[in-house]
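Residue numbers start from 1 in every chain, and the chains themselves are labelled A, B, ... in the order their sequence lines are given, proteins ahead of strands.
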Amino acid sequence: MAIRIYDTRTRSKRELVTLEEGKVGLYACGITPYSPSHIGHARQAISFDIIVRWLRNRGFQVNYITNFTDVDDKIISVANEEGVDYLEVANRNIDDYFRCMDSLNVIRADAYPRVTETIPDIIEMISQLLDKGHAYEADDGVYFEIDTSPEKYGLLTGQTLDMVRAGAGGRVSKTGAGKRDHRDFALWKLAKVGEPAWESPWGEGRPGWHIECSAMSLKHLGERFDIHGGGSDLIFPHHEAEIFQSECCLGHEPVVQYWVHNGMINVDGEKMSKSLGNFWTISDALGKVDPLILRYALINAPYRQPVDFNQVIVDDSESHHNRMFAAYRDGLMTKGKGDWGDFPDLVESASRFESGMDDDFNTRIAIVEVQNVTKILRALLEDGELQEKIVAATGWISNFAGDVLGLLPEDNEIISEFERTETERVDLAPIVERLLEKREEARLEREWERADRIRDELSKMGVVVEDGTDGATWRLSD
RNA sequence: GCACGAGUGGCAGAGCAGCUAUGCAAUGGACUGCAGAUCCAUGGACCCGGGUGCAAAUCCCGGCUCGUGCUCCA
């Protein structure tokens, strides 16, 4: 079945037809590293990670590029406050980004170009825009002139030139003193004293905010490419500016075949922002919740939906993930052979999973099927028979929840962790068994207080007692 | 104000014209001294008002409410 993708430009789901058969060029706008990464960055990265994983799963050869805007006003201002070089700030936050994304099981992109490494390409692009009459030089830099191709205005947002003129009201005066029109945007900003700067035909300065993505996508993916993505907050003005720059520079349209945008994160129903005090960096979140549980929470809704991040969603995800993980781990310990392709119910789950993912990467539908198979697997484990099917269902989870959704650690990690706790268990066994015998005696004598005291004691040792039909079993608490 | 999107059971969240969504929570049961885990079962929803259809949560029109964008932002 064909893959359908929601394209912001046409506001509809369209079948994915790539420029080159079997290949996908994908550029996703990355971060401006002026502060530690927050969970909105995680959502963006995970959204595109899932898209890339699924396209690869479907046999596409994906070239996935995501950038770092490693020089901009905010980085410079942080650097000035701290009295350090701007690159120190950028590098520190890029390191943080990678650390966070690795722990969230985000597969690395094929390249992470940086603005500071792309300056010659940016200058070349600006020169061409000037040559073609789409840009002009002013006292404080070079600007793109919107009026040279007004038909491109509002391609993603549906806004018209007049709307923005009206909406901007009196707030436009202080942006870009040299602009002829407030909707024009900077391509090159001349440096003020003490700012990082590069030589250019127009004087020392640095690139404007939008041009780097046009230059980097051109450099890495060529004059036309399949998918361009980013957070939905970038639709305007950033991505519309890119359309102006790339299409006017290259002289053809469309440069981008599909525009894909992920939804934002809200916290307790409000926009996440520093001023509201509801701001979660990824490190904050990981202090409270396991990375894969956070990942689970962030793909519980399809990528385009806004996600309301709160304690409920975290708790919910934790219980779902724990159930799946426990079943999977137990399944891994079952020896034997089994292929999910041999079992109709597992095949049906797989097919629903696949058609959900084919339909604009609907991870919610995918997760429902993971929950389904988890349920099947747990029932099988409970029953203990049908080893072949246990192995088959475990394989299903490994493939879909693990490889595709990235919700599981590596098998050998799970096994070594299991062995570690087994060792611990064996060490504790004699003393636990003795206490359990005493408790059983107390229970037979119906002395519940004494029995409960023993259970409390075991609980302090990190042992959870569970009474079942065949007497008590125990396990180590997490 | 303008643009875009959304309003589904206690909560999260699919479906987007006819067929049980699902999970958590709740309730009942199995098991139980209690607790926990597990299993089985049950109830419960489509913002409001019109319209089109044999049939509407699903399409159309009009409201209302919320979110996002219009300024740096994933």
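- Within residues 365-374 of chain A, the residues that have a heavy atom under 4.0 Å from RNA chain B are, in order of number, Ile365(A), Val368(A), Gln371(A).
- Of all nucleotides listed (rC72(B), rA74(B), rA14(B)), rA74(B) comes nearest to the side chain of Asn262(A).
- Within the nucleic acid shown, Arg453(A) has no heavy atom closer than 4.0 Å to any nucleic acid atom.
- Between Arg378(A) and rC39(B) there is a side-chain N or O to OP1 or OP2 distance below 4.0 Å.
- Under the rule for a side chain to side chain contact (heavy atoms under 4.5 Å, CB included), Lys375(A) has no partner lying at least two apart in sequence or in another chain.
- Evaluation of the side chain to side chain donor-acceptor pair (under 3.5 Å) rule for Glu445(A) yields Arg450(A) as partners, not counting sequence neighbours.
- Gly40(A) comes within 4.0 angstrom of a base, heavy atoms only.
- With both ends at atom P, the span from rC59(B) to rA6(B) equals 10 Å, rounded to whole Å.
- Judged as a side chain to side chain contact (heavy atoms under 4.5 Å, CB included), and not counting sequence neighbours, the contacts of Val256(A) are Phe225(A), His228(A), Trp259(A).
- Rounded to whole Å, the separation between the P atoms of rG69(B) and rG10(B) comes to 30 Å.
- Scanning for salt bridge (Lys or Arg N to Asp or Glu O under 4.0 Å) contacts around Asp330(A) gives an empty result, with sequence neighbours left out.
- Taken residue by residue, residues 443-451 of chain A places heavy atoms nearer than 4.0 Å to RNA chain B at Arg443(A), Trp448(A).
- The base of rA74(B) sits within donor-acceptor range of the side chain of His38(A), with an N or O pair under 3.5 Å.
- Legend: residues meeting side chain to side chain contact (heavy atoms under 4.5 Å, CB included) with Glu417(A), ordered by chain and number and at least two apart, are Arg420(A), Thr421(A).
- In terms of polar N and O atoms assigned as donor or acceptor, the side chain of Asp467(A) comes within less than 3.5 Å of the base of rC34(B) in a complementary pairing.
- Nucleic acid contact class of Ile235(A) (heavy atoms, under 4.0 Å, all strands): none.
- Annotation: salt bridge (Lys or Arg N to Asp or Glu O under 4.0 Å) contacts of Glu240(A) (sequence neighbours excluded): none.
- Among the atoms of the strands shown, only primed sugar atoms or phosphate atoms (P, OP1, OP2) are found under 4.0 Å from some heavy atom of Gly30(A).
- By the side chain to side chain contact (heavy atoms under 4.5 Å, CB included) test, Glu440(A) is found to be paired with Arg443(A), Leu444(A), residues two or more places apart in sequence or in another chain being considered.
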